[in-house]
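In what follows, chains carry the letters A, B, and so on, assigned in the order in which the sequence lines appear, proteins first and then strands, with residues in each chain numbered from 1.
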There are 2 protein chains.
Amino acid sequence: MTLGTVAILGPGLIGGSLALALAEKGLTKRLSIYARSSRALDEIRLAGVSAELTGNPSEAVSEADVVILCVPVEAMPALVHEFRDALKPTALVTDVGSVKGSVVRDIEPLLDGRANWIGSHPMAGSEQGGFAAARADLFDGAPVILTPTQHTTREARRRAEQFWAALGANLHVLSPEKHDEMIAAISHIPHLLAAVLVNHAVTHGKLELAAGGFRDTTRVASGSAELWTEILMANADAVATQVDHLIAQLRSIEVALKNPDKPVAKTHLLAMLQAAKDGRAQLPARRPSKKG
Amino acid sequence: MTLGTVAILGPGLIGGSLALALAEKGLTKRLSIYARSSRALDEIRLAGVSAELTGNPSEAVSEADVVILCVPVEAMPALVHEFRDALKPTALVTDVGSVKGSVVRDIEPLLDGRANWIGSHPMAGSEQGGFAAARADLFDGAPVILTPTQHTTREARRRAEQFWAALGANLHVLSPEKHDEMIAAISHIPHLLAAVLVNHAVTHGKLELAAGGFRDTTRVASGSAELWTEILMANADAVATQVDHLIAQLRSIEVALKNPDKPVAKTHLLAMLQAAKDGRAQLPARRPSKKG
């Protein structure tokens, strides 16, 4: 099976891992990679990836059957605007951005009638790390969410499913809005709270006393502050709404803690902690990972 | 060097690890272990630990130079009341409870003039798991906090320092109140938030989409709901006060997210995330651990 000619725009952790995975599985007829900086292109060249490398996005996409946008979410619309006249009308264009509402809203009209567009979000690795952290097995068993709208063609959806399935991903389908809400709950809000916890502990605690639990609970707070500011801002509505829900939960816990002699206080805490324990038992098994 | 005759009351994860560590390092002249249930005593016997086993706490402490309370915090006062008449007046009595204000307040008057009492809190492992999870190296390099008060004798402090140092621990000294405040910040609040995050994700997200970050952030939420309800209730004042601080932090983030077009919104998020990233870089290196 071949996916034809594939263009990867932005060879960071995700784009670079796509290039390595496509090459390793022999899935493409040709691979072209666009990066804005020549330093990034040199890095790919040195790694020996067999691909046509270019600093011109139109050149990268002009022969492509599949185009994958792997640049930061806020850079996508301008990039699409730059290359869209060079697209083959039969091309599939998708992305790997971690927010979908704004991306789909911005890109869909830019590509309308010019290509088959659908949004994708592979839940793999972190957006950190650049090409140096790329690995060919990043998508094996990883959840990938497709976010079709009423304007998405059948062809776009079918070929995006084929693309990610060939890389070993587990496919899910959500509307862009539902995607953003769910990802806020399982990724953006946890990230925010991890950061709040570290700052809280620095102010009220003593980090040298922290045990392994604290280290794990706050691991993601070591991610790039710039990148996560962009992500949170891009999904600001869903995150803000959910912060409000969290505050309501914390208030109910605070009330229980301030009334320790009322039997309902203990019952409330116990039910909350037991629900969390039971909920966490539903998590899928951990996939192999290189992360520390 | 010998610590003399040591009595361990409650051979769960911490008490059991103490027994294994003392035996392995050859630190005691004699070791006695008390457990309320005969099933627990059978477990120790089967493990081949060389100790006198008893279901009678007075018998366990009657010859002891060092007595370590390893039962749950809420069970300690009644237990001390039960055995205190059998203590040698020169004995050191300490505990391993994860809250200190209430423990010290309850136990200090019970032992006044009858033994050398000081509170201890080894920050090692979790309180879960029982004897089956015990390991001889649990205290190697672990922080142990001693919590003297104005009534603590020099002898109590000196001998508690000697005891934990012999086990390889890193000693810290805090008042019981300061201990509870700091442990709330680095242990109880993170635990609470991990549980809140799981429940939030079950309501607003889809756990099958969760990546490794979510798994790590919420790991501690798989702990025993009963045990953590007791811990949170025992430290309710400090935890409630800190939940209030957290809510204030979350409100400021919510305001930023609701005003994404104001430059100050982005600045606020970026500063918060950068402070967390920098703060987390100050964490001590991870100690070897068997935990998954």
Check whether A:Asp244 gets within reach of chain B through its side chain, its backbone, both or neither, counting any heavy atom under 4.5 Å.
both
Part of B:Val202 within contact of chain A (heavy atom distance under 4.5 Å)
side chain
Could you tell me if the side chain of B:Gln282 sits less than 4.5 Å from the side chain of A:Glu208, heavy atoms only?
no
Selection from A:Lys258, A:Met233, A:Glu181, A:Glu230 maximising heavy-atom pairs under 4.5 Å formed with chain B:
A:Met233
With rounding to the nearest 0.5 Å, note down the distance linking NE2 in A:His179 to CG in B:Leu209.
8.0 Å
How long is the span from the CG atom in B:Leu273 to the NE2 atom in A:His191, to the nearest 0.5 Å?
5.5 Å
Return the NZ to CE distance between A:Lys206 and B:Met123, rounded to the nearest 0.5 Å.
11.5 Å
Largest heavy-atom contact set with chain B, pairs under 4.5 Å, which of A:Gln249, A:His245, A:Gln274
A:His245
If you count heavy-atom pairs within less than 4.5 Å of chain A, which of B:Val243, B:Ile247, B:Leu207 leads?
B:Ile247
Separation between CG (B:Leu269) and CH2 (A:Trp228), nearest 0.5 Å, reads 12.5 Å
Of the listed A:Ser187, A:Ala195, A:Ala281, the one with the largest count of heavy-atom pairs under 4.5 Å with chain B is A:Ala195
Is the backbone N or O of B:Asn199 less than 3.5 Å from a side-chain atom of A:Arg280, with the two atoms forming a donor-acceptor pair by type?
no
Under 4.5 Å from any heavy atom of chain A - which part of B:Glu226:
both
Counting distance only, does the side-chain N/O of A:Asp216 pair as donor-acceptor with the main-chain N or O of B:Asp216 below 3.5 Å?
no
Where the side chain of B:Lys277 meets the backbone of A:Ser222, is there a donor-acceptor pair that is under 3.5 Å apart?
yes
Taking atom CG as the centre, does A:Asp278 end up with more than 12 heavy-atom neighbours from other residues, nucleotides or ligands that are less than 6.0 angstrom away?
yes
One option among B:Ile183, B:Val144, B:Val198, B:Val196 has the most heavy-atom pairs under 4.5 Å with chain A, and it is B:Val198
Indicate the atoms forming the closest heavy-atom contact of A:Val220 with B:Gly213, along with that distance.
CG1-CA, 3.7 Å
Return the CD1 to OG1 distance between A:Ile189 and B:Thr217, rounded to the nearest 0.5 Å.
12.0 Å
If you look at every heavy atom in A:Ala201 and B:Ala185, which pair is closest and at what distance?
CB-O, 4.0 Å
Any chance the side chains of A:His200 and B:Gln242 put a donor and an acceptor closer than 3.5 Å?
yes
Atom group of A:Thr218 that falls short of 4.5 Å from chain B, counting heavy atoms:
both
Only pairs of heavy atoms separated by less than 4.5 Å count here; which of B:Ile186, B:Ile145, B:Leu174 has the most with chain A?
B:Ile186
Run B:Phe214 and A:Leu283 through side-chain contact (heavy atoms from CB on, under 4.5 Å) and show every step you take.
CA-CA 9 Å; B:Phe214 185 83; A:Leu283 274 181; 3.8 Å; yes
Taking A:Asn235, A:Leu250, A:Leu192 one by one, which has the highest count of heavy-atom pairs under 4.5 Å against chain B?
A:Leu250
Of the backbone (N, CA, C, O) and the side chain (C-beta and beyond), which part of A:His204 lies under 4.5 Å from a heavy atom of chain B, both, or neither?
both
To the nearest 0.5 Å, atom OG1 of B:Thr229 lies from atom CG of A:Leu270 at 4.0 Å
